[in-house]
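The shown structure was predicted, so the numbers you read here are calculated from the model rather than taken from an experiment. Values below: every heavy atom of this structure, side chains too, minus hydrogens, waters and symmetry copies.
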There are 2 protein chains.
Amino acid sequence: MSPALFTVDPERRPLRADAQRNRARLLEAAEAVFTAHGTEASLDDIARRAGVGIGTLYRHFPTRDDLVESLIHSMTDEVIARGQELLEADDAFAALHTWLQSVLRQNATYRGLAGSMVDASCGDSRLGDACQRQQAVGAELVARAQEQGSVRPDVTWEDVIDLTSAIALVIERGPRHDGDRLLGLALDGLRYQR
Amino acid sequence: MSPALFTVDPERRPLRADAQRNRARLLEAAEAVFTAHGTEASLDDIARRAGVGIGTLYRHFPTRDDLVESLIHSMTDEVIARGQELLEADDAFAALHTWLQSVLRQNATYRGLAGSMVDASCGDSRLGDACQRQQAVGAELVARAQEQGSVRPDVTWEDVIDLTSAIALVIERGPRHDGDRLLGLALDGLRYQR
DNA sequence: ACCTGAACACCGTTCAAGT
DNA sequence: ACCTGAACACCGTTCAAGT
């Protein structure tokens, strides 16, 4: 049994029972509303759906990013863990490819999330922390592929993250765009030609 | 002397003198406000700066895209003309590269413009018309590079536009991103390896 | 014809008052 | 300690009244 299932507060001290329930309801409501309308959805909607006052939302989640971060927290952990597993794979290029696909899926969880992630990696919000830990794993995967000689030595991990983020940004704007296809093409450009 | 300098109405009949002046003032104000705050800037700000009522703004430009389209109209024409010139170039791959760089510069005119362009190419706004005419030239440039054997035959012009749009979207979110570098990397992936 | 601005329906954020 | 919702400052959009 995962201890995460019983984690009540990722923050400091235990919450009062009603506060704890409100927090859970807010996350549930935010999940539904973000899924339907993206991460720029109305906060009033979320509070109403959770059956709490708007002030309670702000007390638990002072910024929109706090709400987003709490929602995708476990997913970020999974992406990071997946990246660490993939560091052990034989084919470092394929490992990088697989990992970037999972990053694309993560970014597509809610419309607007990809943008928040890009903004966050240049800032210092709580969402930014998650992004940077994630990017650190990506940097290792890139380095390993370069050591194996399958990624061009002049390419930086920022290049790889930027291209992946770019693709995440464009695919969330309409169904015309195929993320996996674009990612494959972009990776072809980073591949070292023997 | 370019006739464009004397074009008063890209629309229908001549405007009353005061309306014509208001239209010019609105475009001037929008130019300044979009430059400062991006294409999502407050329309009230623009009307106030132009010294007209908000209703006048809506009369001249019923949607935000109408305003954006009028502002970048000549620029879109230039990008299209440049593309047609480049169709005559010897090296079709280099021509495509050069043209896509100009598309990136165009998209970077106002923060938020790249997003509007992507949205527009899936819609039917006036901005969408401009986008589609522009994309048609891009499609020709891609086809020609493929005929020359310098772009992979399995790549579509949508791939090329999508990757370029993706890069335009990511570079407008902070100074960390280098569009020309990312474009170069992406194009390496599309290049046919002899 | 065209312009104006009040009116309406939203939104994010704060904070005094309650329990 | 926590919750509530009114209050404030915004925003986009419409439309009746003016010239």
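- Under a 3.5 Å cut-off, the side chain of B/D66 and the backbone N or O of B/T63 do form a donor-acceptor pair.
- Atom NE2 of A/H97 has more than 12 neighbouring heavy atoms from other residues, nucleotides or ligands inside a 6.0 Å radius.
- Along DNA chain D, the nucleotide nearest B/R64 and the nucleotide nearest A/N22 are compared for position; the residue whose nucleotide lies closer to the 5' end is A/N22.
- Under the 4.0 Å criterion applied to side-chain N and carboxylate O atoms, B/D188 and A/R191 are not assigned as salt-bridge partners.
- Judged by distance alone, the side chain of B/Q146 and the main-chain N or O of B/R152 form a donor-acceptor pair under 3.5 Å.
- Atom CG of B/D90 sits in a sparse spot, with 12 or fewer heavy atoms from other residues, nucleotides or ligands closer than 6.0 Å.
- Looking at residues 49-63 of chain B, you'll see B/V52, B/G53, B/I54, B/G55, B/T56, B/R59, B/H60 sit with a heavy atom under 4.0 Å from some atom of DNA chain C.
- In terms of heavy-atom proximity, A/G83 sits nearest to A/L141 at O-CD2, 4.0 Å.
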>> Dot-bracket for DNA chain C, please. Rules: Watson-Crick or G-U, both distances under 3.5 Å, ( ) within the strand, [ ] when a pair crosses earlier ones, | for another strand, . otherwise.
In response: ||.|||||...|||||.||
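- Of the candidates B/I54, B/V52, B/V33, B/I46 forms a side-chain contact (heavy atoms from CB on, under 4.5 Å) with just one, namely B/V33.
- Between B/R25 and B/D18 there is no salt bridge, since no side-chain nitrogen of the basic residue lies less than 4.0 Å from a carboxylate oxygen of the acidic one.
- Protein chain A touches strand DNA chain D; the 5'-most and 3'-most nucleotides with an atom under 4.0 angstrom of its non-hydrogen atoms are D/dA1 to D/dA6.
- Contacts of B/A41 with the nucleic acid, taken as non-hydrogen atoms under 4.0 Å apart, involve only primed sugar atoms and P, OP1 or OP2.
- Annotation: side chain of A/Q135 is not in contact with side chain of A/E158 (no heavy-atom distance under 4.5 Å).
- At distances below 3.5 Å, at least one donor-acceptor pair connects side-chain atoms of A/R144 with backbone N or O atoms of A/L87.
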